[in-house]
Amino acid sequence: ALALFERAWQFAESKSIFALGPQVLALLGAAYGRAGRIHEAVATGRRALTLARELGQRGVEARALYHLGNIYGDGASANAKQARESCQQALVLAHELGMRPLEAQCHFTLA
């Protein structure tokens, strides 16, 4: 999965297709997190969040916050405070946007 997400991001970046960039980066960050590459996961997740905010993609912003919350909560260097803050921000935004499945995921993660 990592190789596919990395190629998708490289393709989007090379063609200046940034509309899908934040979503691809958020998924890539989540994949890095699952692979235990926490530093890369956090950096990629933050980049996804920044790009989503710059492009006004609030739904992708909510999803990126959720993924960052999961990344912060996993691994040996887990940071419960950052994980909780990211998931709570994702929950608020998901609620505003009517993203009920993401709201449920946030509630589950926060529990």
Side-chain angles (χ1 to χ4, degrees):
L2 283 174
L4 290 174
F5 287 132
E6 287 171 340
R7 282 196 311 238
W9 170 244
Q10 290 167 356
F11 177 79
E13 194 173 36
S14 72
K15 302 291 183 189
S16 298
I17 305 172
F18 291 108
L20 295 176
Q23 187 171 2
V24 171
L25 283 173
L27 293 170
L28 177 59
Y32 280 142
R34 286 188 194 102
R37 296 165 62 176
I38 302 302
H39 294 295
E40 289 169 290
V42 170
T44 304
R46 286 182 180 163
R47 190 169 176 198
L49 182 59
T50 299
L51 191 54
R53 287 177 173 164
E54 288 174 359
L55 296 174
Q57 296 180 354
R58 297 184 74 215
V60 178
E61 177 183 350
R63 181 62 67 183
L65 284 164
Y66 169 74
H67 285 308
L68 273 172
N70 284 325
I71 292 164
Y72 287 132
D74 287 340
S77 62
N79 185 324
K81 181 181 177 188
Q82 283 185 308
R84 188 173 34 261
E85 287 175 4
S86 290
C87 282
Q88 287 173 335
Q89 289 175 18
L91 178 60
V92 169
L93 192 51
H95 181 74
E96 286 177 19
L97 299 173
M99 299 173 71
R100 293 183 56 99
L102 182 57
E103 282 185 76
Q105 289 175 312
C106 291
H107 280 296
F108 182 77
T109 300
L110 288 167

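Just the heavy atoms: all of them, side chains too, but no hydrogens, waters or symmetry mates, feed the values below.
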* Structure fact -> For Ala62 and Ala90 the tightest heavy-atom approach is O-CB, 3.4 Å
* To do: Could you tell me which residues satisfy side-chain contact (heavy atoms from CB on, under 4.5 Å) with Gln89, sequence neighbours excluded, listed by chain and number?
  => Arg53, Leu65
* Structure fact -> Rounded to the nearest 0.5 Å, the CZ atom of Arg34 sits from the CG atom of Asp74 at a distance of 9.0 Å
* Can you name the closest pair of heavy atoms from Ala83 and Gly69 and give their distance? -> CB-O, 3.3 Å
* What's the spacing between Thr44 OG1 and Leu68 CG if we round to 0.5 Å? -> 9.5 Å
* **Hydrophobic cluster membership, Leu49 vs Tyr72, 4.5 Å side-chain cutoff** => yes
* Determine whether Tyr66 and Leu93 fall in the same hydrophobic cluster, where Ile, Leu, Val, Met, Phe, Trp and Tyr are linked whenever their side-chain heavy atoms lie under 4.5 Å apart. => yes
* **Closest contact, heavy atoms only, Leu55 versus Pro22** => CD1-CG, 3.9 Å
* Asked: Between His67 and Ala30, what is the shortest heavy-atom contact and its length?
  -> ND1-CB, 3.5 Å
* Hey, could you give me the CG/CG distance between Leu20 and Leu51, rounded to the nearest 0.5 Å? => 10.5 Å
* Look up atom CZ in Arg47 and atom OG1 in Thr50, then write down how far apart they are to the nearest 0.5 Å. => 9.5 Å
* First locate atom CD of Glu61, then atom CD of Gln23, and finally report the distance between them rounded to the nearest 0.5 Å. => 14.0 Å
Acceptor/donor pairs from residues 5-12 side chains to any protein atom, 3.5 angstrom cut, sequence neighbours excluded:
residue, atom, partner, partner atom, Å
Glu6, OE2, Tyr32, OH, 2.6
Trp9, NE1, Glu13, OE1, 3.4

* From SG (Cys87) to CD (Gln82), nearest 0.5 Å -> 12.0 Å
Name every donor-acceptor pair, under 3.5 Å, that has one atom in a side chain of residues 95-106 and the other anywhere in the protein, sequence neighbours excluded.
residue, atom, partner, partner atom, Å
His95, ND1, Glu103, OE1, 3.1
Glu96, OE1, Arg58, NH2, 2.6
Gln105, OE1, Arg63, NH1, 2.8

* How close do Ala48 and Ala26 get, heavy atom to heavy atom, and via which atoms? -> CB-N, 3.4 Å
* Asked: Are Leu2 and Leu27 connected in the hydrophobic side-chain network, where two residues link if heavy atoms are under 4.5 Å apart?
  -> yes
